[in-house]
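This report concerns only the one structure given below.
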There are 2 protein chains.
Amino acid sequence: MASPRRLTKQQTVVAATLALASRAVSAQELHERLVAKRGRIGLATIYRALEAQVAEGTASRVERTGHVTAYVACVPEHHHHLVCTSCQRVEDLSEVAFAPLIRAVRRRHGFQVDHAALDLYGICQTCHDAHPAGRPGAPSSHRR
Amino acid sequence: MASPRRLTKQQTVVAATLALASRAVSAQELHERLVAKRGRIGLATIYRALEAQVAEGTASRVERTGHVTAYVACVPEHHHHLVCTSCQRVEDLSEVAFAPLIRAVRRRHGFQVDHAALDLYGICQTCHDAHPAGRPGAPSSHRR
DNA sequence: ACCGTCATTGACAATGAGTATCATTCTCAT
DNA sequence: ATGAGAATGATACTCATTGTCAATGACGGT
Ligand SMILES: [Zn+2]
Ligand SMILES: [Zn+2]
Ligand SMILES: [Zn+2]
Ligand SMILES: [Zn+2]
């Protein structure tokens with residue numbers, strides 16, 4: 001009784017473009033790309049398509065600095081993300097990597113962690129190597 | 001050369017109110033409380049005071065559903081948070097609990113995790129006990 | 001293939017968190 | 001006490017995201 005979920009051009013092209021990106025992309029960025037490559041498409045449609053994909057499990061939300069939500073093409077299996085705050089590239093991290101931590105938190109704090117927010121932001125190998133000596137962005141230890 | 005950091009009534013009362021809350025509070029919520037208890041105070045002042053505290057290390061940002069940033073009184077030492085998405089209460093989690101995971105991620109993915117986003121959202125012991133048969137809020141497993 | 005239903009679309013308006021501005025007020029070193 | 005300039009607060013503003021609704025299009029039934 002849920003929803004007949006119709007397969008439209010827009011839903012298809014949004015999903016395809018997101019999958020092609022293989023990195024975190026905001027709704028606005030997707031909109032720009034699609035307008036450039038396929039002509040008019042409503043921004044609201046992008047948001048709705050992304051929301052549908054997140055609900056399906058084929059996409060996942062990640063937070064980006066500046067209060068912007070970005071999206072990543074995803075497999076429905078339960079896993080987590082390593083989001084590079086420099087190049088926006090995303091790596092998947094299996095659920096098992098977190099298992100010990102989640103167990104410890106639950107055992108020692110009685111706290112049931114919700115996986116949804118377990119994305120790890122940081123600097124990927126590639127970006128790290130790109131900044132050998134002089135650090136442009138410093139450690140930025142306690143920043144967002 | 002940094003900033004002379006002046007001690008004003010506003011900075012003091014914001015810090016005190018945040019510390020008193022012992023849970024995640026948004027800038028808007030703090031503003032409402034302070035207006036109610038102490039008369040006029042600018043919303044922008046709240047934001048500035050909170051930003052200053054975050055920079056100092058005496059407060060930390062956490063994300064709340066609906067694209068809202070909430071703040072928690074904090075100790076400057078490096079640690080992480082368990083944020084209950086039901087009652088907004090926050091527990092501190094020592095850095096050491098994450099060490100093995102961070103090391104593994106770095107070793108296996110070459111990914112340097114930035115601690116700032118390492119807050120864990122979920123259901124605390126108290127809220128979990130308050131829903132025995134699991135009905136009102138359900139697990140909400142894959143949601144934000 | 002044709003129809004009719006109704007989910008989806010898209011242009012536009014609206015919301016709302018957060019920021020910029022700037023004249024005024026207040027802190028604090030001298 | 002005095003002055004430099006940091007902080008305040010009222011306001012306007014930015015902009016990501018959502019709501020609205022008439023028009024469009026997908027698709028099951030025929
Ligand atoms: Zn993924
Ligand atoms: Zn990178
Ligand atoms: Zn803390
Ligand atoms: Zn709770």
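Note that the structure is a prediction, hence the values are computed from the model and not measured. In what follows, chains carry the letters A, B, and so on, assigned in the order in which the sequence lines appear, proteins first and then strands, with residues in each chain numbered from 1. Heavy atoms only: backbone and side chains are in, while hydrogens, waters and symmetry mates are out.
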So do the side chains of Phe98(A) and His80(A) get within less than 4.5 Å of each other, counting heavy atoms only?
yes
Indicate yes or no: at least one non-hydrogen side-chain atom of Gln28(A) is less than 4.5 angstrom from one of Leu43(A).
yes
DNA chain C: 5'-proximal contact among Ala70(B) and Gln11(A) (nearest heavy atom)
Gln11(A)
Rounded to whole Å, CD1 of Ile46(A) lies from C1' of dA16(D) at a distance of 14 Å
Given atom CD of Glu51(B) and atom P of dA7(D), what is their separation to the nearest angstrom?
11 Å
Rounded to whole Å, please give me the gap between CG in Leu50(A) and P in dT18(D).
10 Å
For atom CZ of Arg64(B) and atom C1' of dA17(C), their distance in whole Å:
13 Å
Mapping His67(B) and Arg6(A) to their closest nucleotides on DNA chain C, which lands nearer the 5' end?
Arg6(A)
Scan side-chain atoms only and decide if Glu91(B) and His81(B) contain a donor-acceptor pair under the 3.5 Å cut-off.
no
Specify the separation, in whole Å, of atom OH of Tyr47(B) and atom C1' of dA7(D).
18 Å
Out of dT21(C), dA26(D), dA7(D), minimum distance to the side chain of Arg48(B) belongs to dT21(C)
Does dT8(C) have OP1 or OP2 under 4.0 Å away from a side-chain N or O of Gln10(A)?
no
Contact under 4.0 Å: Thr8(B) side-chain N or O vs dT8(D) OP1/OP2
yes
Among all residues two or more places apart in sequence or in another chain, which pass the salt bridge (charged side-chain N to carboxylate O under 4.0 Å, His left out) test with Arg64(A)?
Glu29(A)
Which residues, if any, of residues 21-43 of chain A bring a heavy atom under 4.0 Å of DNA chain D?
Gln28(A), Leu43(A)
Does a side-chain N or O from Lys9(B) land closer than 4.0 Å to OP1 or OP2 of dT27(C), or not?
yes
Are any side-chain N or O atoms of Ser26(A) and backbone N or O atoms of Ala70(A), one a donor and one an acceptor, separated by less than 3.5 Å?
no
Between the opening five pairs and the closing five pairs of the helix from dA1(C)-dT30(D) to dT30(C)-dA1(D), how far apart are the helix axes, to 10°?
40°
Thr8(B) versus Thr45(B): any side-chain heavy-atom pair under 4.5 Å?
no
With a cut-off of less than 4.0 Å, is there a side-chain N or O of Thr69(A) near OP1 or OP2 of dT17(D)?
yes
Among the clusters formed by ILVMFWY side chains lying less than 4.5 Å apart, do Val35(B) and Ile46(B) turn up in the same one?
yes
Check step by step if side chain to side chain contact (heavy atoms under 4.5 Å, CB included) holds for Leu101(A) and Val113(A).
CA-CA 10 Å; Leu101(A) 173 61; Val113(A) 173; over 6 Å; no
Polar side-chain atom of His128(B) near backbone of Phe111(A) as donor-acceptor pair, under 3.5 Å
no
